[in-house]
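What follows is a short report on a single structure.
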Amino acid sequence: MRYSILSRRQLCLALIGCSLLVATMAVCQQVKRTRTGTVTAQTMELDWEKNVVIFSGNARLVVAGDYNADMTAPTMNVALSQKGDRIMSLVAKGPVSFTVITQPDANGMKRKIVASASDQATYSEDAQQIKLVGNAVADMMPIGGEATDAMHFTGQTIVANLKTNRLTVDNANLTVKTQTE
């Protein structure tokens, strides 16, 4: 008789434990990844009807999340979502400088891209893409690699797609530095 009471208690404890495990898994699956975009400048002008913000004077965009990015330019025009809680697009008037640490690729490799352009840069949140226009220059190196493992790109435009980990250069020139023994 005593054995059956312990078995019922053990069964009840096991069911409670399974229920807690399932509830914990459900809560963990509901956790959303976030990305934070912060823009700073000497002056800011907001058109709240259009959800457009114009930053001028040493404008700087910093993005933190699955990738990290930092862009500077004299002026930036930012289009916000309807709720004003997301940067949907950005146009930075040059000269523009840009640094990004990419999300890991299929092999887990992250890359650092340091780039600049004389005319402008555009950023699209939906496409997660940055386009540099006008005498664009970019250096890309693996994180944890040597500076001698860098690739140096020049062209009229450079597009960095942060979603697909692709870099596209128009009127391209590529220089690869590799350390030799």
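Values in this document were obtained by computation on a predicted structure and should not be read as measured data.
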Spatial distance of atom CD (Glu125) from atom OG (Ser81) [nearest 0.5 Å]: 9.5 Å
Linking I/L/V/M/F/W/Y whenever their side-chain heavy atoms sit closer than 4.5 Å, directly or via other members, would Leu132 and Val100 fall into one cluster? yes
Please list every donor-acceptor pair under 3.5 Å in which a side-chain atom of residues 166-175 meets a protein atom from a residue at least two apart or in another chain.
residue, atom, partner, partner atom, Å
Asp170, OD2, Thr157, OG1, 2.7

Looking at side-chain heavy atoms only, is the closest gap between Met140 and Lys112 below 4.5 Å? no
Is there a side-chain contact between Val137 and His152 (heavy atoms, below 4.5 Å)? yes
Just verifying a value: how many Å separate Thr102 OG1 and Lys163 NZ, rounded to the nearest 0.5 Å? 15.5 Å
Should Ile87 and Leu61 count as side-chain neighbours, where that means a heavy-atom distance under 4.5 Å? yes
Answer whether the closest heavy-atom distance between the side chains of Gln82 and Asn51 falls below 4.5 Å. yes
Using every non-hydrogen atom in the two residues, find where Ala59 and Ala41 come nearest and quote the distance to one decimal. CA-CB, 3.9 Å
Would you sort out whether Ile101 and Arg111 count as a side-chain contact (heavy atoms from CB on, under 4.5 Å), showing the intermediate values? CA-CA 6 Å; Ile101 306 295; Arg111 289 173 178 76; over 6 Å; no
Test side chain to side chain donor-acceptor pair (under 3.5 Å) applied to Thr164 - qualifying residues, sequence neighbours left out: Asn161
Hphob cluster co-occupancy, Trp48 + Ile54, side-chain heavy atoms under 4.5 angstrom: no
Hphob cluster co-occupancy, Val39 + Leu46, side-chain heavy atoms under 4.5 angstrom: yes
Is any side-chain heavy atom of Gln129 closer than 4.5 Å to a side-chain heavy atom of Val159? yes
Applying salt bridge (charged side-chain N to carboxylate O under 4.0 Å, His left out), which residue pairs with at least one partner in residues 41-57 are found, sequence neighbours left out? none
Report yes or no: do Val133 and Phe153 belong to one cluster of Ile/Leu/Val/Met/Phe/Trp/Tyr joined by side chain heavy-atom distances under 4.5 Å? no
Can you find a heavy atom in the side chain of Met88 that is under 4.5 Å from one in the side chain of Asp126? yes
Just by distance, do the side chain of Ser89 and the backbone of Ser124 share a donor-acceptor pair under 3.5 Å? no
CZ (Arg60) and OG (Ser97) are apart, to the nearest 0.5 Å, by 9.0 Å
Is there a side-chain contact between Met71 and Val96, using heavy atoms and a 4.5 Å cut-off? yes
Judged by atom type as modelled, is there a donor-acceptor pair below 3.5 Å linking the side chain of Thr75 to the main-chain atoms of Phe55? no
Run Leu80 and Val52 through side-chain contact (heavy atoms from CB on, under 4.5 Å) and show every step you take. CA-CA 6 Å; Leu80 300 171; Val52 173; over 6 Å; no
Is any side-chain heavy atom of Val91 closer than 4.5 Å to a side-chain heavy atom of Gln120? yes
Okay, side chain of Thr99, backbone of Val114: is any donor-acceptor separation there less than 3.5 Å? no
